[in-house]
Undergrad: 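One structure, as structure tokens, below. Some questions next.
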Amino acid sequence: MSENEKELQKEQERVKWITSQIKKKFQKLQKHTGKIGSEALHIRSTFWEDVTVNFDEPDDIGETYTSIKQQVELLSERERSQTQIDNQLKTLTRLQNSPYFGRIDFKEEGIGAQESIYIGVASFMDDKEEEFLIYDWRAPISSLYYDYAPGPAQYETSLEKVTGVIELKRQFVIREAEIKAMFDTGVTIGDEMLQEVLGNNADTQMKSIVATIQKEQNQIIRNEDSRLLIVKGVAGSGKTSAAMQRIAYLLYRYRTIIKSENIMLFSPNPMFNSYVATVLPELGEENMQQATFQEYLLSRIGREYELEDIFSQMEYLLSQSEDHDYPVRLEAIRFKSSLQFKGLIDSYVNELKDKGLLFRDITFRKQVLFTKEQLAEYFYSLDRNVSIPNRIQLLKEYLLKDLKRKARQEQKKEWVEEEIQFLDKSEFLDAYKQLQEKKKFDEDTFDDYEREQKVLARMLVTKRMKPVFNMVKKLKFINLKGIYGQLFRPQDHQSEHPETWGKISELTLKSLKQSRMYYEDSTPYLYLQDKIEGRKSNTGIRHVFIDEAQDYTPFQFAFITQLFPYSKVTLLGDLNQAVYAGPTDSETVLAEDALGIDEKEVITLSRTYRSTRQIVEFTRELLEDGDKIEPFNRNGNLPVITIHQNHDKLLMAIIKRMQEWKTEGHKTIAVICRTEQESKTVFEALAPHLDARLIEKGTIAYERGISIIPAYLAKGIEFDAVAIHDASTYKEEGERKLFYTACTRAMHELDLFATETPPFLNGIRKELYQLN
């Protein structure tokens, strides 16, 4: 038997022993959870039998309260214990099949013996809870595995820096408690393990990458100091995967002060939410809060305006270039996305301190209680040194106080007496209860007409005026639409505006008049609202993650940082995939100096793992500086380009290719189209021949099979095989990044179909693709 075989046998024996220990602990916990479960069930079923209930005397009431409280606390403690044990059982189940993936032998400086450290997705200790048999990949000592080759190494704990020497670094592929592969490696996670993982089919949900984390990804995951961490990574470089592991690390590292609800992830679309939903649970953590920026906008504006979303904006940019307003709209998107426009709003708000704030009349029963002029007069009578939001609060308090006075006056009016005659039985009963509670008279003598009428009048007016009080409490007396509209006065701030300001103003005011709001107006509108009413900050969020950050503008980022003023922020994106900025050439949050923030750390990921070397070498030539993208050395077929001038023949060729890919065993296949309308047309043509699914902006789950999808919705998702439908329709330079994004979704196979030679093919070396 060779030395390697002996080592493998020895390691397999350890795996067998470890899994037996895991099984033993699993069985022990199962018995314990059964006992606790029975106790909790018993407490629930006998809850009131063990509680002393007596309300006769004040002392008896206190005793009853204490008795109930004790019983509730006992039940809660049992239920908490059960939850903890259930979580432990889930962890042990994960470890049972694949207990660990790495080993390092580390000799600490000043200590004679070396220690063999085995690393897995969770920690596991011996029977006495004294020695770690497996270390959690997030433990400080585990960073040695990701950051160092055999030789001198160090790691930091919360108390000290530990130095020493790594004498062995070994990787395992363990399935069903059997070592399938074992190899010793250097600083990077071995290509063998990456090949094993990356050669598999794409999954409908993102998986944990803890076994294959690279050194540069580990820098992202374990970064604790940066207030703003910017990760610029090429397509397929593992940005999002590293972000999810980073969230898991933060929850582990700061488990006493940060919970999953203290972390917010802004994702690009609803389908992406489901795509990443299993990563944290797979690592034993609860999912963080998750939303799209559009969902936030809708929650604030959706009731007042028909709000355009970013996808509809993109559809307009891609398909409405012949529209008369198209050039103006492009300029409007560019300007309203910029920090220059934010500065203009700040100047405007400064003006509003002295004049220009608009209000609405406050009416009741078609009568004006407070005119908009009265509201403005009162507001501007307040001290100018008091901020606008604080003056608004003072105005609100004044209005509520005066409304109560007006409500008392209303109770004496004729309409009240008339409506009392039409009250139903339940409303009379409510009045009776109020009088009874106030002990105005005995319950058998409800015949005092005058007092009865007063109570009924008060109840009636309170009910009818409730919408007015709510309007004031919610600050609906502020005319935000008018205030925002005033921004677009052509005579003001000419030097700060683009040349087309007059036309931009006209277009904006026209949409506002129709209660429609362009996507590019939504953030400035809310920013202005918060400047007037006060910030809607969320102080409970400690970390904010923004994925596909290249699709966020500097203005949007500035707004988000105000929403979460005490949060650290991680931005993840790729300028080469700035598909929304492409057609408009507007600035993105990832552009250098776009944010004007010096205190930031930027980590660049230039190696891509998603696609085969052949696909990467083809797609990187679509970019000006694509030579900076490093492919992982995984071989596959050359991208294939098929040209048919007849569109029907083109569709038949796509159908044939789909069938071939399914036969070859590809589980996730995409036909990527340029627009939503094109996707619908292709879906209708392919549906009679293939079992396909149309992906739209509201689709919430990514499933196996054949998906027909617009390019901008495919961002962040990967497929085994991708067919680009009519690549010749990507003609404008502003669509180059959209085309690149579509092509880089492919893991194993990439085919481009076209009715003529695709424009972006010019300049790509012919040896990098196969022409049909």
Side-chain angles (χ1 to χ4, degrees), residues 84 87-88 91 95 100-126 128-149 151-167 169 187 208-211 213-229 231 242-264 280 283-286 288 539-545 566-570 599-601 603:
Q84 288 171 356
N87 289 336
Q88 285 179 278
T91 299
L95 293 178
Y100 43 79
F101 51 80
R103 166 187 168 182
I104 49 173
D105 290 356
F106 183 65
K107 187 174 182 181
E108 187 179 333
E109 193 175 288
I111 297 177
Q114 71 172 25
E115 182 184 1
S116 291
I117 297 153
Y118 287 85
I119 299 165
V121 294
S123 296
F124 181 68
M125 300 186 79
D126 63 7
K128 297 177 182 178
E129 298 289 315
E130 292 176 351
E131 182 184 347
F132 280 98
L133 302 178
I134 304 171
Y135 283 87
D136 191 297
W137 65 277
R138 297 166 289 187
I141 198 169
S142 300
S143 65
L144 294 170
Y145 173 76
Y146 299 112
D147 289 341
Y148 292 97
Q154 63 181 36
Y155 68 95
E156 289 187 29
T157 69
S158 57
L159 300 174
E160 60 178 339
K161 183 181 287 185
V162 180
T163 59
V165 175
I166 295 176
E167 299 189 340
K169 184 173 179 179
V187 64
S208 162
I209 61 164
V210 294
I213 291 169
Q214 304 296 287
K215 183 177 181 179
E216 64 272 18
Q217 293 170 330
N218 198 43
Q219 290 177 327
I220 297 165
I221 293 165
R222 293 176 188 263
N223 183 297
E224 298 178 33
D225 302 323
S226 301
R227 171 82 172 80
L228 172 61
L229 177 63
V231 181
M244 299 306 293
Q245 317 303 312
R246 173 166 166 73
I247 293 170
Y249 173 77
L250 291 170
L251 291 172
Y252 174 87
R253 175 74 175 81
Y254 300 101
R255 54 191 174 276
T256 57
I257 55 175
I258 296 179
K259 305 298 180 188
S260 56
E261 60 265 25
N262 302 129
I263 297 176
M264 167 65 81
L280 291 177
L283 296 169
E285 305 289 356
E286 290 183 12
M288 67 273 128
T539 56
I541 298 296
R542 306 291 295 277
H543 284 264
V544 173
F545 288 75
Y566 305 113
S567 299
K568 290 185 175 182
V569 180
T570 301
E599 295 178 10
K600 63 186 178 189
E601 184 171 348
I603 296 177

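For the numbers below, each heavy atom of this structure counts, side chains included, while hydrogens, waters and symmetry mates do not.
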Undergrad: Considering only heavy atoms from C-beta outward, does the side chain of Tyr100 approach that of Ile119 to under 4.5 Å?
TA: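 Counting from C-beta outward, Tyr100 and Ile119 never come under 4.5 Å.
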
Undergrad: Within a strict 4.5 Å, meaning less than it, do heavy atoms of the Val569 and Arg227 side chains meet?
TA: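 In short, these two side chains touch, coming nearer than 4.5 Å.
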
Undergrad: Can you name the nearest heavy-atom pair linking Arg255 to Lys259, along with the distance?
TA: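 That closest heavy-atom pairing would be O-NZ, 3.0 Å.
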
Undergrad: Once you measure the plane-to-plane angle for Trp137 and Tyr146, does it fall in the parallel (<30°), tilted (30-60°) or perpendicular (>60°) bin?
TA: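 The rings of Trp137 and Tyr146 stand perpendicular, inter-plane angle above 60°.
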
Undergrad: Is it the case that over 12 heavy atoms from other parts of the model lie below 6.0 angstrom from the CD atom of Glu286?
TA: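 No, the 6.0 Å shell around CD holds no more than 12 heavy atoms from other groups.
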
Undergrad: Given Gln245, which partner from the list Leu283, Ile220, Leu250, Leu280 fulfils the side chain to side chain contact (heavy atoms under 4.5 Å, CB included) test?
TA: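 Going through Leu283, Ile220, Leu250, Leu280 one by one, the side chain to side chain contact (heavy atoms under 4.5 Å, CB included) with Gln245 is satisfied by Leu283 alone.
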
Undergrad: Under 4.0 Å between a side-chain nitrogen and a carboxylate oxygen: does that hold for Asp105 and Lys107?
TA: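 Salt bridge between Asp105 and Lys107, a charged N being under 4.0 Å from a carboxylate O: no.
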
Undergrad: Could you measure the distance from the CD1 atom of Ile104 to the CD1 atom of Ile117? Nearest 0.5 Å is fine.
TA: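 Spacing of CD1 (Ile104) from CD1 (Ile117) equals 4.5 Å.
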
Undergrad: Are the side chain of Ser226 and the backbone of Glu601 linked by a donor-acceptor contact shorter than 3.5 Å?
TA: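 No, because the side chain of Ser226 does not come within donor-acceptor range (under 3.5 Å) of the backbone of Glu601.
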
Undergrad: Any side-chain heavy-atom pair from Phe106 and Tyr155 closer than 4.5 angstrom?
TA: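 SC-SC contact between Phe106 and Tyr155 confirmed.
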
Undergrad: Answer yes or no: is there a side-chain heavy-atom contact under 4.5 Å between Leu133 and Tyr118?
TA: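 Heavy-atom side-chain distance check fails, nothing below 4.5 Å.
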
Undergrad: Which atoms form the tightest heavy-atom contact between Thr91 and Ala122, and what is the distance?
TA: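 For Thr91 versus Ala122, the nearest heavy atoms are CG2-CB, 3.3 Å.
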
Undergrad: Look up atom CD1 in Ile134 and atom CG in Leu95, then write down how far apart they are to the nearest 0.5 Å.
TA: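 Here the interatomic distance stands at 5.0 Å.
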
Undergrad: Does some side-chain heavy atom of Glu108 sit less than 4.5 Å from a side-chain heavy atom of Val162?
TA: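 Yes. Closest side-chain heavy atoms under 4.5 Å.
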
Undergrad: Among Leu229, Ile258, Asn262, whose side chain to side chain contact (heavy atoms under 4.5 Å, CB included) with His543 holds?
TA: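 So the option named by the test is Ile258.
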
Undergrad: Is there a donor-acceptor contact under 3.5 Å from the side chain of Thr157 to the main chain of Leu159?
TA: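 Side chain of Thr157 to backbone of Leu159: a pair is present.
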
Undergrad: Is any NZ, NE, NH1 or NH2 atom of the basic residue among Arg138 and Glu285 found under 4.0 Å from an Asp or Glu carboxylate oxygen of the other?
TA: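 Salt bridge flag = yes for Glu285 with Arg138.
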
Undergrad: Going from CZ on Phe545 to CD1 on Ile263, what distance comes out if it is rounded to the nearest 0.5 angstrom?
TA: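 Here the interatomic distance stands at 6.0 Å.
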
Undergrad: Do Tyr135 and Phe132 have ring centroids that are under 6.0 Å from one another?
TA: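 They qualify: ring centres under 6.0 Å apart.
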
Undergrad: Could you give the distance from OG (Ser143) to CD1 (Ile221), rounded to the nearest 0.5 Å?
TA: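 Rounded to the nearest 0.5 Å, the OG-CD1 separation comes out at 11.5 Å.
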
Undergrad: Assess, by modelled atom type and distance only, whether the side chains of Thr163 and Gln154 contain a donor and an acceptor separated by less than 3.5 Å.
TA: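 Not at all, the side chains of Thr163 and Gln154 share no donor-acceptor pair under 3.5 Å.
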
Undergrad: Could you tell me the separation between the CD atom of Glu167 and the OG atom of Ser116, rounded to the nearest 0.5 Å?
TA: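 Between Glu167 CD and Ser116 OG, I get 9.5 Å after rounding to 0.5 Å.
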
Undergrad: Rounded at 0.5 Å granularity, tell me how far CZ in Arg222 sits from CZ in Arg253.
TA: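 The distance works out to 10.0 Å.
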
Undergrad: Any luck finding a side-chain donor-acceptor pair between Thr570 and Arg246 under 3.5 Å?
TA: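 Checked: Thr570/Arg246 side chains pair up, N/O donor to acceptor below 3.5 Å.
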
Undergrad: Just so I know, are the side chains of Glu224 and Glu156 near enough to count as touching, which here means a heavy-atom distance under 4.5 Å?
TA: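 Counting from C-beta outward, Glu224 and Glu156 never come under 4.5 Å.
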
Undergrad: Mind listing the closest non-hydrogen atom pair of Thr539 and Tyr566 along with its distance?
TA: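 For Thr539 versus Tyr566, the nearest heavy atoms are CG2-CE1, 3.5 Å.
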
